Amino acid sequence: MKYADIVVPETPATRAALEVATAYCSPALLNHSVRAYLWAAAYAAMNDIAFDAELLYVSSMLHDLGLVREFDSHTVPFEEAGGHLAWVFCAAAGWPVERRVRASEVIVRHMWDEVDVEKDPEGHLLELSTGLDISGRGPEAFPEELRTEILERHPRLGIAGEFVACFEDQARRKPTSLAGRFVHTGFAARVAANVLDR
């Protein structure tokens with residue numbers, strides 16, 4: 001599996017999702033969102049997992065927008081805020097209600113410990129890819145050459161420190177959220193040990 005083998009969908013919705021992420025994310029968070037899709041699509045290809053590439057790409061681009069100041073919610077966890085934002089974005093993109101709901105579900109579930117690949121392949125793939133990119137889970141599932149190429153094309157740019165700060169802020173304001181639980185169970189140490197930053 002090489003970088004050139006990863007299929008990136010080209011549709012009006014995917015172009016718009018990238019435009020939104022570029023406008024609102026920091027450079028580090030934007031690259032994380034791009035890598036989230038690339039890890040997920042590569043893993044799916046290597047493991048024969050059928051998935052909706054447009055749905056996964058849009059969800060990947062929007063999945064952390066609940067962390068940025070403009071879309072931060074003081075009442076719901078960031079992944080739920082991101083899910084609501086995705087529903088609105090997908091409505092504007094002309095997606096039917098069922099597909100809007102799916103984008104919202106994929107984004108909310110990326111914070112779960114595990115998502116059943118049979119029931120929700122896109123949610124499973126985004127949960128897996130973000131776990132790799134932020135906490136360093138499962139790097140052995142990806143060839144070293146592919147990891148190197150993805151990181152060279154979309155560098156990390158200090159995402160570890162930025163993400164820990166975001167989660168610590170979420171934990172202070174929303175202590176019962178999943179981000180709060182992560183912070184109180186050693187999130188910073190897991191992020192610091194991520195092999196992708198070595």
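Only a predicted model underlies this, so the values are computations on that prediction, with no experimental measurement involved.
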Please give me the minimum heavy-atom distance between [X] and [Y], naming the atom from each residue.
X: Ala36; Y: Ser60; result: C-OG, 4.2 Å
X: Ser59; Y: Leu126; result: O-CD2, 4.2 Å
X: Ala81; Y: Gly66; result: CB-CA, 4.3 Å
X: Leu125; Y: Ala44; result: CD1-CB, 3.8 Å
X: Ala13; Y: Val58; result: O-CG2, 3.9 Å

Report yes or no: does [X] contribute a side-chain atom to a donor-acceptor pair with the main-chain N or O of [Y] at less than 3.5 Å?
X: Arg100; Y: Val88; result: no
X: Lys174; Y: Val76; result: yes
X: His110; Y: Ile107; result: yes
X: Asp5; Y: Lys2; result: yes

According to side chain to side chain contact (heavy atoms under 4.5 Å, CB included), who are the partners of Arg15, at least two apart in sequence or on a separate chain?
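Side chain to side chain contact (heavy atoms under 4.5 Å, CB included) list for Arg15, sorted by chain: Glu10, Pro12.
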
Residues in side chain to side chain contact (heavy atoms under 4.5 Å, CB included) contact with Pro9, at least two apart in sequence or another chain:
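Only Thr14, Tyr37, Ala53, Tyr57 meet the side chain to side chain contact (heavy atoms under 4.5 Å, CB included) criterion with Pro9.
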
With sequence neighbours excluded, tell me which residues meet ring-ring contact (aromatic ring centres under 6.0 Å, His included) with [X].
X: His32; value: His63, Phe163
X: Tyr24; value: Phe71
X: Phe187; value: Phe167

First locate atom [atom1] of [X], then atom [atom2] of [Y], and finally report the distance between them rounded to the nearest 0.5 Å.
X: Asp72; Y: Cys166; atom1: CG; atom2: SG; answer: 9.0 Å
X: His154; Y: Ser33; atom1: NE2; atom2: OG; answer: 11.5 Å
X: Asp64; Y: Leu29; atom1: CG; atom2: CG; answer: 5.0 Å
X: Leu132; Y: Tyr43; atom1: CG; atom2: OH; answer: 11.0 Å
X: Ile159; Y: Asp197; atom1: CD1; atom2: CG; answer: 9.5 Å
X: Ser73; Y: His84; atom1: OG; atom2: NE2; answer: 8.0 Å

Mind jotting down which residue pairs meet the salt bridge (charged side-chain N to carboxylate O under 4.0 Å, His left out) criterion with at least one end in residues 77-96? Sequence neighbours excluded, please.
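Pairs touching residues 77-96 that pass the test: none.
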
Test of understanding: with salt bridge (charged side-chain N to carboxylate O under 4.0 Å, His left out), list the residues that count as partners of [X], not counting sequence neighbours.
X: Arg99; answer: Asp52, Glu54
X: Asp133; answer: Arg35, Arg156
X: Glu149; answer: Arg153
X: Asp48; answer: none

Qualifying side-chain hydrogen bond (donor to acceptor under 3.5 Å, both in side chains) pairs, either residue in residues 121-132, two or more places apart:
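Listed by first then second residue: Arg102-Glu122, Glu127-Arg137.
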
side-chain hydrogen bond (donor to acceptor under 3.5 Å, both in side chains) pairs, two or more places apart, involving residues 177-195
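Found Asp113-Arg181.
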
Side-chain heavy-atom pair [X], [Y] within 4.5 angstrom cut-off:
X: Arg147; Y: Pro139; result: yes
X: Ser26; Y: Glu162; result: yes
X: Pro155; Y: Asn31; result: yes
X: Ile6; Y: Leu146; result: yes
X: Asp120; Y: Val106; result: yes
X: Trp87; Y: Val101; result: yes
X: Pro143; Y: Met46; result: yes

Transitively linked via ILVMFWY side-chain contacts under 4.5 Å: [X] with [Y]?
X: Val8; Y: Tyr3; result: yes
X: Met1; Y: Ile150; result: yes
X: Leu157; Y: Leu38; result: no

State whether the number of non-hydrogen atoms from other residues, nucleotides or ligands found under 6.0 Å of Glu70 atom CD is greater than 12.
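Enclosed: over 12 neighbouring heavy atoms sit under 6.0 Å from CD of Glu70.
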
